[in-house]
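Okay, structure first, notes after.
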Amino acid sequence: MKDKDLRKRVPYHIQRDVLDELGVDQVAEKSDFKISAKEKLRDAVRCTGPRFKSCFLSFVPLLAWLPRYPFRENAIGDLISGISVGIMHLPQGMAYALLAAVPPVFGLYSSFYPILIYFIFGTSKHISVGTYAVMSVMIGSVTERLAPDSDFVIPGNDTNSTTLDIVSRDAERVKIAATVTFLSGIFQVLLLGLVRFGFVVTYLSEPLVRAYTTAAAIHVIVSQLKYSFGINPQRYSGPLSLIYTVIEVCALLGQTNIGTLVVSIVTIIGLVAAKELSALAARKIPIPIPVELITIIIATVVSWQMDLKTEYGVEVVGEIPSGLQAPVAPAVSLLGSMVGDAFALAVVGYGIAISLGRIFALKYAYKVDSNQELIALGLSNSIGGLFNCFAISCSMSRTMVQVSTGGKSQVAGAISAVVILVILLKIGELFEELPKAVLAAIIYVNLQGMMKQFGDICSLWRTNKVDMVVWVMTLILTVLFNPDMGLAASIAFSILTVVFRTQLPKYSILGQVPGTDIYKPVEDYNQVKEIHGIMIFRSSATLYFANAEMYIDALYEKTGVDVAKLLSHKKKLEQRKRPRKELKKLLKLLRFAFEDTGEESQFSDTDESGEESEANGDVHKLSVKEPKDVAAVEAGPDPDTDTPLPRAIILDLSPVNFLDTVGVKTLRNIYKDYGEAGVQVYLCGCQRGVVESMEKGDFFNEKVTKSILFSSVHDAVLYCQQGNSKEVQYILMSYTHTRISEVS
């Protein structure tokens with residue numbers, strides 16, 4: 001409380017001259033030094049010993065942090081964390097392989113190779129990369145589109161019988177998944193990483209990402225319904241494919257395999273109950289209980305003992321080959337048909353990983369290199385694609401387990417990869433009798449966190465309704481379209497909301513806080529008053545082609561002066577005065593002509609009062625009368641302008657961060673039009689880039705100099721109050737007190 005009172009008593013007093021832009025440049029000694037593009041390029045390609053070492057270590061971060069690894073402090077925590085996460089990789093890898101429409105063993109491959117690559121090139125110490133539901137369902141949409149079941153139907157011995165060549169289908173889908181993963185990695189490394197294009201994910205706002213993952217979770221759930229009910233619905237692609245799939249599943253519910261459905265229900269209930277008990281026990285047990293691992297072990301044993309595959313027709317995982325596979329070149333012929341899918345995978349995978357990585361980097365006070373993360377994920381995907389892996393990203397559930405069990409570095413990820421290696425070499429074949437319905441149930445339960453994100457709608461409604469609209473539209477677009485098309489449409493909609501907000505800014509007239517140099521909108525404060533004779537106008541958005549016309553309309557409305565009408569009125573007055581002036585000139589010419597011939601002129605001009613002299617009698621004496629519709633200008637109020645013109649208008653451009661050619665032209669027209677109406681226009685708060693745009697746009701000339709620019713509103717106000725007031729007042733009177741009358 002004392003500090004607050006002390007701040008109120010601190011005096012604030014500055015005495016200086018009023019400075020315009022030229023004055024500030026002179027006092028501050030503005031520097032015109034600029035680095036040329038040639039010098040920038042030369043500096044960028046210059047290679048010195050220290051610079052090469054720094055670049056190499058930043059490209060391979062393992063060489064920088066591993067020699068300084070604090071073994072005593074981190075080893076135990078990383079070991080326990082790595083084993084815990086490795087155990088989680090087994091059920092999740094196999095389950096998410098079903099989402100990618102490939103055999104479960106390839107989910108284990110995807111939980112091994114990419115993790116080792118990220119261990120070498122990644123910069124985040126806490127995230128757990130590997131299989132991820134959203135990425136898997138995006139891969140699945142590609143594999144099922146390019147290799148549908150209909151392409152592998154083989155005619156049977158009977159006339160109407162057919163069989164599905166599952167081996168050939170799975171082999172083709174694995175090739176497609178590996179190829180699109182390889183291409184997405186190339187996009188991440190070359191297109192985004194090496195050219196420092198990491199900022200592309202800034203277009204993925206948090207509401208957009210959360211809504212997108214929620215919608216992708218809905219796609220995941222629908223895609224797993226066939227394993228839960230033991231049915232085989234037709235595969236749909238393109239817009240509204242999710243709706244068609246749900247309708248197809250509902251139509252096939254009569255063909256549900258009861259054994260499969262029972263396995264699914266029992267597994268879901270057991271998993272939910274076990275996770276709740278695990279959460280309660282987490283306070284007493286430092287190591288989390290591997291619920292998913294225990295579940296698949298029990299399910300495998302039960303399936304083997306009860307022979308669920310033969311007795312009840314429950315679909316099981318099938319053959320899981322032991323060992324590792326040799327690298328295989330990607331199918332180059334397929335690259336052209338999956339460019340859009342690969343780019344969407346690259347952006348989504350990176351966006352999710354960097355978002356989670358930054359959260360933990362901020363929490364534990366270290367830095368994550370966004371561009372290096374792109375390179376690390378890109379190499380993980382491109383190299384993993386050579387070993388038949390599918391695209392990976394970061395999993396929130398595994399990351400939370402890695403952090404909670406004491407993981408403090410990338411070593412935990414390497415240890416989890418060793419656990420998967422042991423499973424692939426020795427243990428994998430033991431899970432061949434595992435029902436696929438159990439894996440689908442594991443997916444459902446793991447997605448409950450994403451389903452809770454529906455609560456974002458209520459919170460966003462209270463905090464920011466535009467973000468709430470972005471959230472809802474992202475959900476709708478992603479549900480109605482495929483995840484890749486939905487992502488593109490959602491980003492486009494999100495950008496449009498930004499454009500619309502710049503077109504609908506808040507326009508304000510500013511007034512002075514009494515006794516200060518602070519200016520605030522008069523409609524927001526009771527004690528803020530306008531400066532007499534001076535209008536201070538501000539827009540909350542930048543000025544560019546999309547809102548330039550609205551900026552002018554708002555300026556006319558707020559100042560109460562429509563300059564266009566005022567100038568039109570002025571032109572009408574000039575046009576009405578022109579015939580009278582021409583008549584005077586004609587009379588003078590005729591009078592001079594008669595004087596030269598020696599004859600007496602009977603022509604006379606119209607005097608100041610508007611009276612005329614008539615001529616009659618002689619045929620040479622003509623009578624010329626002035627037309628009755630000639631207008632005379634007298635003092636009086638203008639019926640078209642109810643409010644008097646201000647002496648000056650100050651445009652506060654502090655919110656403007658750039659000006660395009662339309663913006664410069666708009667400011668030029670405002671200055672010119674108000675100037676013709678006798679109102680001086682001043683600009684204040686211009687950033688350097690705005691001033692440079694005005695210079696390049698030929699805003700300044702011999703008559704319009706930088707003397708109309710001021711660094712602050714208060715400088716501009718003081719200049720107007722102490723300026724050439726007599727001249728301004730004279731111009732003001734000559735344009736605001738006019739009345740038109742007809743001479744009869």
Step-by-step side chain to side chain contact (heavy atoms under 4.5 Å, CB included) determination, Ser380 to Ile392: CA-CA 8 Å; Ser380 298; Ile392 56 96; 4.2 Å; yes
In Å, rounded to the nearest 0.5 Å, how long is the span from [atom1] of [X] to [atom2] of [Y]?
X: Leu225; Y: Thr245; atom1: CG; atom2: OG1; answer: 9.5 Å
X: Ile127; Y: Met396; atom1: CD1; atom2: CE; answer: 11.0 Å
X: Leu477; Y: Met485; atom1: CG; atom2: CE; answer: 10.0 Å
X: Leu475; Y: Ile457; atom1: CG; atom2: CD1; answer: 7.0 Å
X: Ser397; Y: Met450; atom1: OG; atom2: CE; answer: 8.5 Å
X: Glu248; Y: Asn232; atom1: CD; atom2: CG; answer: 9.5 Å

Between [X] and [Y], does any side-chain donor sit less than 3.5 Å from a side-chain acceptor?
X: Asp369; Y: Thr123; result: no
X: Arg398; Y: Ser128; result: yes
X: Ser228; Y: Tyr444; result: yes
X: Gln453; Y: Thr213; result: yes

How close do [X] and [Y] get, counting heavy atoms only, and between which atoms?
X: Ala97; Y: Pro104; value: CB-CA, 3.6 Å
X: Gln224; Y: Ile443; value: OE1-CD1, 3.7 Å
X: Thr181; Y: Asn381; value: CG2-O, 3.4 Å
X: Val479; Y: Leu242; value: CG1-CD2, 3.4 Å
X: Leu434; Y: Ile296; value: CD1-O, 3.7 Å
X: Gln188; Y: Leu345; value: NE2-O, 4.4 Å

Sequence neighbours left out, what passes salt bridge (charged side-chain N to carboxylate O under 4.0 Å, His left out) with Asp78? Give chain and number order. none
Note, [X] side chain near [Y] side chain (heavy atom, < 4.5 Å):
X: Thr474; Y: Trp471; answer: no
X: Phe106; Y: Cys389; answer: no
X: Thr143; Y: Phe390; answer: no
X: Leu439; Y: Val317; answer: yes
X: Ile297; Y: Leu293; answer: yes
X: Pro483; Y: Val134; answer: no
X: Thr131; Y: Met135; answer: no
X: Lys226; Y: Leu252; answer: no

Check Leu108, Ile420, Val419 against His89 for a side-chain contact (heavy atoms from CB on, under 4.5 Å) and give me the one that passes. Ile420
[X] [atom1]: over 12 foreign heavy atoms closer than 6.0 Å:
X: Phe360; atom1: CZ; value: yes
X: Glu206; atom1: CD; value: no
X: Lys363; atom1: NZ; value: no

Side chain to side chain contact (heavy atoms under 4.5 Å, CB included) between Asn388 and Val328, intermediate numbers included: CA-CA 7 Å; Asn388 290 330; Val328 179; 4.3 Å; yes
Between Glu292 and Lys275 (salt bridge meaning N to carboxylate O under 4.0 Å), is one present in this structure? yes
If you measure from the Lys or Arg side-chain nitrogens to the Asp or Glu carboxylate oxygens, is any gap between Asp341 and Arg145 under 4.0 Å? yes
Could you tell me if the ring centre of Tyr109 sits under 6.0 Å from that of Phe112? no
May I ask you to check whether Phe121 and Phe59 place their ring centres under 6.0 Å from each other? yes
Tell me whether the rings of Tyr113 and Phe387 are parallel (<30°), tilted (30 to 60°) or perpendicular (>60°). parallel
Fit a plane to each ring of His126 and Tyr364, take the angle between them on a 0 to 90° scale, and name the class: parallel (under 30°), tilted (30 to 60°) or perpendicular (over 60°). parallel
Report the C-alpha separation of Met338 and Leu183 in whole Å, then their side-chain angles, then the decisive distance to 0.1 Å, and conclude whether the side chain to side chain contact (heavy atoms under 4.5 Å, CB included) test is met. CA-CA 8 Å; Met338 55 180 63; Leu183 184 58; 4.2 Å; yes
Is a donor on one side and an acceptor on the other found under 3.5 Å between the side chain of [X] and the backbone of [Y]?
X: Thr179; Y: Ala331; result: yes
X: Arg173; Y: Ala147; result: yes
X: Gln410; Y: Ile120; result: no
X: Glu144; Y: Ala101; result: no
X: Thr260; Y: Thr256; result: no
X: Ser278; Y: Ala274; result: no
X: Ser416; Y: Gly86; result: no
X: Asn446; Y: Ile442; result: yes

Would Lys125 count as a cation-pi partner of Tyr366, with NZ or CZ less than 6.0 Å from the six-membered ring centre and within 45° of the ring normal? yes
Side chain to side chain contact (heavy atoms under 4.5 Å, CB included) between Arg169 and Asp149, worked out: CA-CA 7 Å; Arg169 182 201 64 182; Asp149 290 343; 3.0 Å; yes
Holding to side-chain hydrogen bond (donor to acceptor under 3.5 Å, both in side chains), I want the full list of residues that pass it with Tyr118, two or more places apart in sequence or in another chain. Glu373
With sequence neighbours excluded, tell me which residues meet ring pair (Phe, Tyr, Trp, His ring centres under 6.0 Å) with Trp461. none
